[in-house]
> 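So that we are looking at the same thing, I have put the structure below in structure tokens.
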Amino acid sequence: MTLPLFTGELLQKLEVTGPRYTSYPTVPDWSDRFGPTDYAAALRRAGRTPEKPLSLYVHIPFCREMCTYCGCNVVATRDRTKADRYLDGVAREAAIVASHLGERRSLSRLHLGGGTPTYLDERQLLALWHIIERHFHVLPDAEIAVEIDPVVTRREQLALLRGLGFNRLSMGVQDFDERVQRAVNRIQTVEETRAVISYARQLGFQSVNFDLIYGLPFQTVESWRETLTKVELLRPDRIATFSFAYVPEARPHQKRLPSAEIPRGVEKLALFRTAWETLTGAGYRAIGMDHYALPNDELSQAQEKKLLWRDFQGYTTERAADTVALGATGIGDVGGAFAQNVRPLGSYESALADGRLATQRGLVLTDDDKRRRAVIIDLMCNFSVDLDAIVDDAPAYFAHELEDLHALAKDQLVELDGTRVKVLPLGRLFIRNVAMVFDAWLAHARAAQEKRVFSSTI
């Protein structure tokens, strides 16, 4: 598929700020009135179906130093004793969570994210695995993934992780251009990355993912194409090309970036187009709004069957499984509710030391939330949705949204056939704009002139 060209006037109209929709409703709409008691109730609801496997996410917030582009919840420190205290908290949280889940303990999916999980040394990684095994049962065919930084990850750690059953790696790369790397304080050579991916293949890791970011300071189409060519030669199974979210009001460390050198508008869109053309030309398939996968990858096959799903860990083939999260800022999606833990390590650890869950905020989804979530996920993942399959009398239920979609259809973002919505090639570029049509919380916030901090849709 060829990406379409369009006018500067249309770009100006579509370049707005908006959610990435890793969840719906989005995190800014969650309430701090939702606390530990509410989360415990959600876990007990999830425990009523013990036969269904769970997804488990464990957040490891530590990094050796702060990358200035970073939008994740991290703690930059070289004091590794903090990780030991943190794992004590994770152990307490796992015990409390498991007690509420009852007999529902099987895991079909496990993901260690961060931060940098391989900040933990071999002893600490093994201690974390024992915590997980003590309270959950990892199924033999489970997807077990870990995020790593090739610069700080040793061969011994990779061998240990593979021996424990980890079968997927996700590597932060961002960009191989030296000038860009210096600007974002993330130095990583092609040689270091090649050595890690080669050893991971030798160990038997089934899938390797690279995370790239477009829109970083000093990126140009030429330098970005060089990075993509180097990535293509390394041949990871999956590639995520994230749009840089420049939100210094929410991430103060981003103020250290040379903001005048950050590509915006037409320049940034050219970077997206370059990634699309380079990677699809190299045999990858475009997945969702910003991922690519080889044709034999599960994500490619799921998209073909319109079974792709999206959650806080990215695109996945596992639709609507309850996700339990452990760790500071960890986000769970369980029992019809979202729940997020507190961020400060001290608050997280002290709550669990007192025998309490560390829930800071969350939301119990209404029936309307669930319907709109289903619509948005279908749009973001499969680029089509049949509204009649979501709700009875869809023309009346989504009357306002269908009116807005007709306006997008005039700009050739979507095609409407009654209540069937198909996203056109131009709409893929601006899929967040299409999804925003169905965001009732965002509409309410705008009507009330409530401030929401989101990144640009480009």
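All values derive from a computational prediction rather than experimental measurement. Side chains included, hydrogens not; waters and symmetry mates left out as well; all remaining heavy atoms used.
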> State, yes or no, whether a side-chain contact exists between Met289 and Met380 at a heavy-atom distance under 4.5 Å.
yes
> Pick out which of Asp369, Val364, Leu363 makes a side chain to side chain contact (heavy atoms under 4.5 Å, CB included) with Thr366.
Asp369
> Let me confirm one number: the CG-OH distance from Asp175 to Tyr69, rounded to the nearest 0.5 Å.
10.5 Å
> What verdict does the side chain to side chain contact (heavy atoms under 4.5 Å, CB included) test give for Gln188 and Gln174, after you've listed the backbone C-alpha separation in whole Å, the side-chain angles of each residue and the deciding distance to 0.1 Å?
CA-CA 9 Å; Gln188 175 179 329; Gln174 322 321 341; over 6 Å; no
> Check the angle between the aromatic planes of Phe62 and Tyr119 and answer parallel, tilted or perpendicular using the 30° and 60° thresholds.
parallel
> Can a donor-acceptor pair be found between the side chains of Asp79 and Thr81 at a distance below 3.5 Å?
yes
> With a 6.0 Å cut-off (strictly less than), is the heavy-atom count around NZ of Lys230, excluding the residue itself, greater than 12?
yes
> Please report the interatomic distance CD(Glu147) to CG(Asn209), rounded to the nearest 0.5 Å.
9.0 Å
> Are more than 12 heavy atoms, taken from residues, nucleotides or ligands other than Gln412, located less than 6.0 Å from that residue's CD atom?
no
> Kindly check if the number of other-residue, nucleotide or ligand heavy atoms within 6.0 Å of CD (Glu9) is above 12?
no
> In this structure, which one of Asp333, Asp378, Asp311 forms a salt bridge (Lys or Arg N to Asp or Glu O under 4.0 Å) with Arg373?
Asp333
> Evaluate side chain to side chain contact (heavy atoms under 4.5 Å, CB included) for Leu160 paired with Trp129, printing each intermediate quantity in order.
CA-CA 11 Å; Leu160 172 63; Trp129 182 257; over 6 Å; no
> Does Arg420, at its CZ atom, have more than 12 non-hydrogen atoms belonging to other residues, nucleotides or ligands within less than 6.0 Å?
no
> Hey, could you give me the CZ/OG distance between Arg179 and Ser223, rounded to the nearest 0.5 Å?
9.5 Å
> Is atom CD of Glu249 surrounded by more than 12 heavy atoms (other residues, nucleotides or ligands) closer than 6.0 Å?
yes
> Please report the shortest heavy-atom distance between Arg235 and Arg201, naming the atom on each side.
O-NH2, 3.2 Å
> Can you tell me how far apart CH2 (Trp276) and CG (Leu228) are? Round to the nearest 0.5 Å.
14.0 Å
> How long is the gap from CD on Gln303 to CD on Gln301, to the nearest 0.5 Å?
11.5 Å
> Could you tell me how the ring of Phe338 sits relative to the ring of Trp30: parallel (under 30°), tilted (30 to 60°) or perpendicular (over 60°)?
parallel
> Rounded to the nearest 0.5 Å, what's the gap from CG on Leu87 to CZ on Arg123? Could you check?
8.5 Å
> Decide ring pair (Phe, Tyr, Trp, His ring centres under 6.0 Å) for Tyr214 and Phe242; before the verdict, give the C-alpha distance in whole Å, the side-chain angles of both, and the deciding distance to 0.1 Å.
CA-CA 6 Å; Tyr214 68 93; Phe242 296 115; 9.3 Å; no
> Give me the atom names and distance for the closest heavy-atom approach of Ser300 to Leu294.
OG-O, 2.8 Å
